[in-house]
Every structure is written in structure tokens, then in C-alpha cells.
Amino acid sequence: MRIAIIGAGAAGCFAAANIPYQSGREVALFEKTARVLQKVKISGGGRCNVTHQLFDIPELLKKYPRGKNFLKKTLYQFTPRHTIDWFESRGVKIKAESDGRMFPVTDSSQSIIDCIWSALQRNKTMVYYHKAVEKIEKQQEQFKLYFSDKTAYVADKVLITCGGFPKAEHYDWLLQLGHSFKTPVPSLFTFNLPKHPITELMGVSVAHANVKILNTKISEEGPVLITHWGLSGPAVLRTSAWGAREIHELNYHFKARINWMGDVTENELKERINDKRKYEGRTFVNDRNDWNLPRRLWEFLLKEAGIEDRVRWGDMKVNQQNNLMELLLRHTFEVQGKTTYKEEFVTSGGIELSEVHPETMESKRVPGLYFAGEILNVDGITGGFNFQHAWSSAWHFAQNFQ
């Protein structure tokens, strides 16, 4: 039997790593570039956010804007615990950070790459580089793969793991096989604020803020990072994932509201400010803040609220207080465009899940054809959830050959 895997990313390599070598079986992994596991290498700032320490599957499913029903049949069989056990049984210890993200204890993605690579090498997987598939033909019980270098390969089973395509036309060769897809749009991206003065604070980060897309129900809490082009950080990226398709329909022009105080309510903030005015009235407002906001951001907000450098809490005017509260709780930005978060580039869209058996990852339309990873219409928020889907779906495919 000849098994062809198209795409040497997380799902493709993990699938090969889990198909044991067997006499008479040939596993060939085809990669269109010169390198394997590139997203694994750069993810998490080069540390690789392998999975998430969220072991309650119903809660885990809530981290996927698209694909929940499909994932109910895959994540229960290969969970984050299974992922941890798989790597640790092969010598790679995994640790959890305070926000639940999990990384190798080496803090190096190379540990994950080496582990997967060693496993697929032990399975005697053949790896071919610079092999871009242009067409697949079904020939009775087999498949013939045609590559851009004018070579071909005949396989009995084919697994597609080439990731999420950014453009609809990239799916043409799969449409020819009888499959359909959800049009791809970016899922993880930052919010661009052209020429907004807050971008002068690039590098400033707030540990716990709330991000909301106005006129929608989309809202996320967590760290927000100010960059030279706008707003980023986990809370922004998660918001972009949930709103991927809605924001795309708005052509990436929309209003985002930031509560720099996180989950602090208006009454709570007003009470705190009144206490400052009553008990610390002679202190200067810009000397310090008691809400753990970065000093540069605090000074920026005071200036935006019309509060001069040497204004005391007790002397602050009512309109100044109202302006400050509005900025702290409901700072509204006109977003004009996006920037793809390249470390964790993810698309919303892909092969329609109704056309794939979740138990085996086999196509319902073309027997012998399989899909795993981001090529499917599944995507999660940032935090290791997309990798977990890649591991789980690849593992399910590999179980067909145990």
C-alpha cells in the first residue's frame, strides 16, 4: 500500500509520525517548499505553543469559533492530555504557563520538531521537497498525483494536510475531485489604526483589558499590546478569530472599544476616583495610578481627557473626570485594516466538514481521500488550540493504519 501525504506541516508530519512502518507499506510525504514544520518552528515566538491546559472537552470546544460539532468527535479521542503524553513519552517534557498555554520545557520549538521528525523517520517515511501538487486524478481504486515539476506519483490513499489556503482559487484542484469549501478569510490578525496618536506608545502592554467589536456580541478579555500600526495581543487576536467573517464583510473597517480596566465596572471606577479625590485630593493625578496601567498609557489618557500635568485629584473638574472614565472604560477606535499575525497565521474556511467522516478523516465523496489540519473548515483562537486540532485530526487518520 502506498500512502501519500500532501503538506509537511504540523498535521502532515504528525500523521506520518503515527503510522508505524510495515513491510509492503510506503508512506511518502510531499512538501512544496524546502522545509518541514515551518509554522511549528515560528509559533509562540519560536517556543511552539503545543496545546492548551484545558482538559475539560466541553470547555475546550468553546475555543473554536468554527467546527465545534466536528471536533466533538475528534477531541474526545485525542485530547490535550494525549498530546502531552505523546511528546513526553518520547522525551519532550511539556509545561503550562499561567494563562494555560503549554510549551516544551526547553522553550524551543526545535524540541517539538526533532521529536516529530525522529518519529516519522523511525517509521521510514520518505520525504520529498519542492513538490507542489497541481492535480489529483482518481484512477479506479488509486490516485495519481501530478506535481509542478512534471513528475507524478501513484498512491492508494491520499491525505491532504497543506494548511489553510489564503485564496479561493487555491482550492481548484480539490474542487476537481468533487469537494466544496468555505471561502477562506484571515482569522488571527491585529487591528490597524493609521496615524492614531496611540501608536506612539508602541511596545506598551496592558495585562488585562477588554476588547469589543461595536454593533456585535464579540468581546474578549486578556492582554492588549499597542504596536506601531495599532492594537495586538491575545485579546485582540481572539476577538479577530471570533469576528473573522463578520469583520471581513465590513472590509476591515469597524469600531473597536477597549476597556483598559478589564472587568472593572463604571460604578466601581467612579467609587475609586471619588475615594482618590476625598482621601488623596492633594496628590497630582499624573504622579501615579493605582490600577496597574503602564505609566506611558496613563499619561496619554490624561492628556486625551484634557487633564494637565500638575492637576491634583481634588481639583479635577467634573468634565475631566467624565472624560477620563470614558477613556478608561470605553476607549473607542476606528479600525482601518488589519495586519496578519504571521507567527500564527490561520484562516477561517476550508473543506466543508459535512463532506468528511470525523472518525477516520476520510472523504465522504471520494473513498481513499482524507483531510487533516487547517485545510478543514476548523479554526481556534490563539493559545495552542489550532495545533491541538492538527494533532487530533492527524492522529485519527493514522489510526486507519495501525
Side-chain angles (χ1 to χ4, degrees), residues 45 97-99 188-214 218-240 254-277 280-281 283-339 341 343 382:
E97 299 198 340
S98 59
D99 59 1
L188 294 178
F189 50 85
T190 60
F191 297 169
N192 288 1
L193 307 174
K195 298 181 181 180
H196 195 289
I198 200 169
T199 58
E200 296 176 8
L201 306 182
M202 59 182 179
V204 170
S205 179
V206 176
H208 187 68
N210 177 279
V211 181
K212 177 175 176 56
I213 307 298
L214 293 188
I218 301 165
S219 177
E220 280 286 334
E221 290 188 0
V224 170
L225 172 67
I226 300 170
T227 72
H228 66 277
W229 60 81
L231 300 171
S232 185
V236 170
L237 295 174
R238 289 197 291 267
T239 303
S240 76
F254 59 95
K255 289 185 178 181
R257 178 179 289 167
I258 308 294
N259 180 346
W260 297 111
M261 309 296 290
D263 54 3
V264 173
T265 66
E266 184 161 0
N267 286 338
E268 290 171 338
L269 178 58
K270 191 171 185 177
E271 186 176 340
R272 289 189 194 183
I273 291 178
N274 286 338
D275 284 345
K276 297 284 286 186
R277 294 171 71 101
E280 301 177 48
T283 61
F284 293 108
V285 179
N286 69 332
D287 274 356
R288 67 188 181 95
N289 70 87
D290 295 330
W291 301 294
N292 297 316
L293 292 178
R295 183 170 183 82
R296 289 173 63 200
L297 176 61
W298 179 246
E299 292 175 347
F300 174 84
L301 295 175
L302 292 178
K303 183 178 179 182
E304 290 288 293
I307 301 172
E308 301 297 329
D309 285 350
R310 307 309 287 172
V311 172
R312 302 176 191 274
W313 282 103
D315 297 331
M316 188 166 55
K317 298 176 182 177
V318 173
N319 70 308
Q320 291 176 322
Q321 176 177 317
N322 291 340
N323 290 343
L324 179 60
M325 289 182 60
E326 189 68 17
L327 288 168
L328 287 170
L329 297 172
R330 291 176 290 274
H331 201 170
T332 302
F333 298 90
E334 191 82 37
V335 179
Q336 300 179 47
K338 60 173 175 54
T339 297
Y341 192 59
E343 285 190 354
T382 182

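This is a predicted model, so every value here is computed, not measured.
- Atom CG in L201 sits 5.0 Å away from atom CD1 in I226 (nearest 0.5 Å).
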For a side-chain contact (heavy atoms from CB on, under 4.5 Å) check, start with the C-alpha distance between I273 and M316, then their side-chain angles and the critical distance, and finish with the verdict.
CA-CA 10 Å; I273 291 178; M316 188 166 55; 4.1 Å; yes
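- With ring centers used as reference points, W298 lies under 6.0 Å from W291.
- Ring-plane geometry between F300 and H196 is classed as tilted, the angle between the planes lying from 30 to 60 degrees on a 0 to 90 degree scale.
- Heavy atoms of other residues, nucleotides or ligands lying less than 6.0 angstrom from CD of E271 number 12 at most.
- Atom CG of N289 is separated from atom CG of L328 by 8.5 Å, given to the nearest 0.5 angstrom.
- When all heavy atoms are compared, the tightest approach of V264 to N259 is O-ND2, 3.5 Å.
- Here CZ of R330 is found 7.0 Å from CE of M325. Values are rounded to the nearest 0.5 Å.
- Taking the side chain as every heavy atom from C-beta outward, T227 and T339 never approach each other to under 4.5 Å.
- A donor-acceptor pair under 3.5 Å is formed between the side chain of N286 and the backbone N or O of D309.
- Of the possible polar contacts, none joining the S232 side chain to the G230 backbone as a donor-acceptor pair under 3.5 Å is found.
- Without hydrogens or angle criteria, N192 side chain to K338 main chain gives a donor-acceptor distance under 3.5 Å.
- Between I198 and H331, the shortest heavy-atom contact is CD1-CE1, 4.3 Å.
- Summarising the geometry of V204 relative to L297, their closest heavy-atom pair is CG1-CB, 4.2 Å, with the distance given to 0.1 Å.
- Tested against L231 for a side-chain contact (heavy atoms from CB on, under 4.5 Å), the candidates V211, L225, T239, I258 yield a single pass: I258.
- Between P294 and S205, the closest heavy-atom pair is CG-O, 3.2 Å.
- No side-chain heavy atom of D263 sits under 4.5 Å from any side-chain heavy atom of N210.
- Annotation for M202 and H228: closest pair SD-CB, 3.3 Å, computed over non-hydrogen atoms.
- At least one donor-acceptor pair under 3.5 Å links the side chain of R238 to the backbone N or O of E221.
- Under a 3.5 Å cut-off, the side chain of Q320 and the backbone N or O of G306 do form a donor-acceptor pair.
- At least one side-chain heavy atom of Q321 sits less than 4.5 Å from a side-chain heavy atom of R277.
- In this structure, CG in L269 is found 9.5 Å from CG in N274, a value given to the nearest 0.5 Å.
- Ion pairing between a basic and an acidic side chain is recognised when a charged N comes within 4.0 Å of a carboxylate O; R310 and D287 show such pairing.
- Taking 4.0 Å as the cut-off between side-chain N and carboxylate O, R272 and E268 do not count as a salt-bridged pair.
- Remark: N292 CG is loosely packed, at most 12 non-hydrogen atoms of other residues, nucleotides or ligands lying under 6.0 Å away.
- Taking NZ of K212 as the start and NZ of K255 as the end, the distance is 14.0 Å to the nearest 0.5 Å.
- Considering all non-hydrogen atoms of both residues, F191 and S240 come closest at CE2-CB, 4.2 Å.
- Counting heavy atoms from C-beta on, the side chains of T190 and L237 come closer than 4.5 Å.
- Using a 4.5 Å heavy-atom cutoff, the side chains of W260 and V224 are in contact.
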